[in-house]
Amino acid sequence: DTDTGSLQLKKDAAVSDRDVIYLLRSVHQQQAQMNMLADQKANILVATIGVLFSLIVTRLLSQNAVLTTSQSLALIVLGFTALMAFALGIYVLMPRVVATLKGKAIGDCPNPFFFGFFTGVDEKTFTDFVANEAGNDKAARYYLSRDIYHVGQVLRRKYSILRKAYLTIFVGGFLTLLTYVVMLPLD
């Protein structure tokens, strides 16, 4: 049954190149949305930790602040883990535009439609490349597939770091509570 399905897919694929382009564009749009979602999650984390830091600093700098040992240690644990999660969140948001052509032809770069590459050549070179190389369905599928792959690599990196940031703040909250509860009898 699987072989019959793959044969049918091959027949259908021969009929419509538009469907292939539509599929690739849909995947590309989904990845763009996932990229924006990762950035939004990182922004929420960074903003939340910023508010948390302002509350901690306000508490520490208030004139009547007399902290017990358990409170001090709990705030140190929370501050340290929140700072780590904050740094990871900023790292997710930090642009990584390090791409250059460095003597390569525009068609030889990993993603000729990424602005970090094509802005390294003059306008005529770029427009000639688009007109000559990306002017047919096969080339469009090829370059769109390459772009999907590279955006996927960026997404993998962002979501991996974002996961670590959220786990860090979660573990930090747990360790803060644990530190406070364990140290409370010693005050």
Side-chain angles (χ1 to χ4, degrees), residues 9 13 19-57 75-123 125-127 129-130 133-134 137-179:
L9 285 174
D19 290 340
V20 173
I21 294 296
Y22 179 76
L23 170 69
L24 292 173
R25 281 192 350 217
S26 296
V27 169
H28 191 265
Q29 288 172 348
Q30 180 189 21
Q31 284 187 331
Q33 290 171 348
M34 294 295 292
N35 197 12
M36 288 188 320
L37 184 62
D39 289 347
Q40 287 173 345
K41 287 181 177 192
N43 277 317
I44 289 168
L45 181 70
V46 167
T48 302
I49 292 172
V51 169
L52 183 65
F53 270 133
S54 68
L55 293 173
I56 290 172
V57 170
L75 284 176
I76 289 170
V77 169
L78 181 61
F80 179 72
T81 55
L83 184 62
M84 287 176 32
F86 184 83
L88 289 169
I90 292 294
Y91 188 65
V92 167
L93 295 171
M94 196 173 2
R96 293 184 63 202
V97 182
V98 293
T100 59
L101 289 175
K102 294 183 184 176
K104 293 181 185 177
I106 191 167
D108 295 335
C109 66
N111 185 355
F113 295 104
F114 175 62
F115 73 93
F117 290 117
F118 73 77
T119 55
V121 299
D122 61 278
E123 181 181 1
T125 302
F126 179 71
T127 54
F129 169 78
V130 171
E133 298 296 324
D137 282 345
K138 185 175 181 180
R141 285 193 305 269
Y142 175 75
Y143 288 116
L144 194 51
S145 297
R146 284 176 72 182
D147 193 48
I148 289 169
Y149 176 80
H150 290 284
V151 170
Q153 293 299 314
V154 169
L155 284 172
R156 183 175 55 92
R157 179 189 67 83
K158 279 187 173 190
Y159 276 94
S160 174
I161 295 168
L162 197 55
R163 177 172 163 46
K164 290 173 186 167
Y166 273 92
L167 283 173
T168 300
I169 199 66
F170 175 75
V171 169
F174 177 75
L175 289 177
T176 299
L177 182 63
L178 186 65
T179 301

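Because the structure is predicted, anything quoted here is derived from the model rather than measured.
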K.L.:
Output the distance between atom CD (Gln40) and atom CG (Asn35), rounded to the nearest 0.5 Å.
P.N.:
10.5 Å
K.L.:
Would you say the side-chain atoms of Ser160 pair up with the backbone N or O of Arg156, donor to acceptor, closer than 3.5 Å?
P.N.:
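No, the answer is negative, given that no donor and acceptor are paired below the 3.5 Å cut-off.
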K.L.:
Considering non-hydrogen atoms only, spot the tightest contact between Gly89 and Ala42 and give its length.
P.N.:
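Shortest heavy-atom separation between Gly89 and Ala42 comes out as O-CB, 3.8 Å.
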K.L.:
Count the heavy atoms of every other residue, nucleotide or ligand shown that sit under 6.0 Å from CZ of Arg163, and state whether that count exceeds 12.
P.N.:
no
K.L.:
Rounded to the nearest 0.5 Å, how far apart are CD1 of Ile169 and CD1 of Ile49?
P.N.:
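Separation between the atoms: 4.0 Å.
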K.L.:
Report yes if the side chains of Leu162 and Tyr166 come closer than 4.5 Å at any heavy-atom pair, otherwise no.
P.N.:
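Yes, close enough: below the 4.5 Å cut-off.
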K.L.:
Taking the side chain from Asp147 and the backbone from Tyr143, do they hold a donor-acceptor pair closer than 3.5 Å?
P.N.:
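No; judged by distance alone, with no hydrogens or angles, the pair does not exist.
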K.L.:
So do Arg157 and Ile161 actually touch side chain to side chain, heavy atoms under 4.5 Å?
P.N.:
yes
K.L.:
Out of curiosity, Leu155 CG to Ile148 CD1, how far, rounded to the nearest 0.5 Å?
P.N.:
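These two atoms lie 11.5 Å from each other.
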K.L.:
Which distance, rounded to the nearest 0.5 Å, do you find between the CG of Leu23 and the CG of Leu144?
P.N.:
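Leu23 CG to Leu144 CG: 9.0 Å, rounded to 0.5 Å.
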K.L.:
Indicate whether any N or O donor in one side chain lies under 3.5 Å from an N or O acceptor in the other, for Tyr142 and Arg146.
P.N.:
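There is such a pair between these side chains.
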K.L.:
Could you check Phe53 against Leu83 for side-chain contact (heavy atoms from CB on, under 4.5 Å), going step by step and ending with a plain yes or no?
P.N.:
CA-CA 9 Å; Phe53 270 133; Leu83 184 62; 3.7 Å; yes
K.L.:
Given side-chain contact (heavy atoms from CB on, under 4.5 Å), test Met94 with Tyr91 step by step and report yes or no.
P.N.:
CA-CA 5 Å; Met94 196 173 2; Tyr91 188 65; 3.4 Å; yes
K.L.:
Please name the pair of heavy atoms, one in Ala85 and one in Ala165, separated by the smallest distance, quoted to 0.1 Å.
P.N.:
CB-O, 3.4 Å
K.L.:
First locate atom OG of Ser145, then atom NE2 of His150, and finally report the distance between them rounded to the nearest 0.5 Å.
P.N.:
10.5 Å
K.L.:
Would Lys41 and Leu37 satisfy side-chain contact (heavy atoms from CB on, under 4.5 Å), going step by step from the backbone distance to the final call?
P.N.:
CA-CA 6 Å; Lys41 287 181 177 192; Leu37 184 62; 4.0 Å; yes
K.L.:
State, yes or no, whether a side-chain contact exists between Leu78 and Leu52 at a heavy-atom distance under 4.5 Å.
P.N.:
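They are in contact (side-chain heavy atoms under 4.5 Å apart), so the answer is yes.
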K.L.:
If we only count heavy atoms from C-beta on, is the Val92 to Leu88 side-chain gap below 4.5 Å?
P.N.:
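Val92 does not reach Leu88 side chain to side chain.
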